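Below: one structure, written as structure tokens.
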Amino acid sequence: SPTNEIPSGKRDPVVRESFRLPVDVNVLSVFPHAHYLCRDMQGYALLPDGTKKWLIHIEEWDFDWQDEYRYETPISLPRGTELVMRFTYDNSDQNVRNPNQPPRPVKWGPYTSDEMGELWLQVLPRNAVERGLLGKTAYNADIEFRIYANEHLLEIDPDDVDSLNHL
């Protein structure tokens with residue numbers, strides 16, 4: 001969930017989002033995205049039986065690592081699995097990748113000077129007939145998040161034309 005900003009000097013704010021799979025899938029790849037303040041990037045699956053399965057974990061994130069990472073062997077996940085993104089940020093002077101020295105408050109937003117966190121997965125439903133259900137569920141979750149995020153950005157700056165247009 002976006003926050004108003006990451007205060008200067010703050011070493012451990014966490015952003016966590018999740019999505020519950022409505023169908024059985026095979027995960028083909030993962031694409032993590034954050035800017036300069038992200039330090040610990042976790043993507044994992046909580047299976048219905050309580051098992052935790054790692055999809056990606058980068059303990060010392062580097063902005064230049066943004067790319068798609070394809071699995072040698074697809075990861076099979078059953079319906080009801082909760083996909084979790086948990087990113088930890090560091091806006092202190094101890095973060096060597098912090099472009100602001102001394103640190104300054106950084107707002108949540110789409111620009112490189114802002115901060116953000118996304119974890120995209122490429123998945124293939126195991127039953128092709130369920131592709132529509134997966135697409136509809138993911139689309140609705142994405143629209144809900146985009147509305148929330150743009151409303152949030154407009155609370156911060158009511159004159160933010162980009163957020164108003166996106167909303």
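What you see below is based on every heavy atom in this structure, not just the backbone, and it leaves out hydrogens, waters and symmetry mates. Note that the coordinates shown come from a computational prediction; the quantities given were computed from them, not determined experimentally.
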Nearest heavy atoms of Val30 and Leu55, plus distance in Å: CG1-O, 4.2 Å
Pairs involving residues 91-100, ordered by first then second residue, that meet salt bridge (charged side-chain N to carboxylate O under 4.0 Å, His left out) (sequence neighbours left out): Asp62-Arg97
Over all atoms of both residues, closest heavy-atom pair of Ile75 and Trp54: CD1-O, 4.2 Å
Closest approach of Pro78 and Leu21, non-hydrogen atoms and distance? O-CD1, 4.1 Å
If you take all heavy atoms of Gln101 and Ser92, which pair is closest and at what distance? NE2-O, 4.3 Å
To which residues is Leu28 joined in a hydrophobic cluster, defined by side-chain heavy-atom contacts under 4.5 Å among Ile, Leu, Val, Met, Phe, Trp and Tyr, whether direct or through other members? Leu124
How are the rings of His35 and His33 set relative to one another: parallel (under 30°), tilted (30 to 60°) or perpendicular (over 60°)? perpendicular
Does the side chain of Asn91 pick up a donor-acceptor pair with the side chain of Asn98 at under 3.5 Å? yes
Going by ring-ring contact (aromatic ring centres under 6.0 Å, His included), Tyr36 matches just one of Trp61, Tyr111, Phe63, Tyr89. Which one? Phe63
Is there a donor-acceptor contact under 3.5 Å from the side chain of Glu115 to the main chain of Leu37? yes
What are the two closest non-hydrogen atoms of Asn150 and Ser163, and how far apart are they? OD1-CA, 3.4 Å
Test salt bridge (Lys or Arg N to Asp or Glu O under 4.0 Å) applied to Arg39 and Glu60, step by step: CA-CA 5 Å; Arg39 297 300 346 118; Glu60 289 295 327; 3.2 Å; yes
Sorted by chain and residue number, the ring pair (Phe, Tyr, Trp, His ring centres under 6.0 Å) partners of His166 (sequence neighbours excluded) come out as none
Taking all non-hydrogen atoms of both residues into account, name the closest pair between Thr81 and Ala45 and its distance. CG2-CB, 3.6 Å
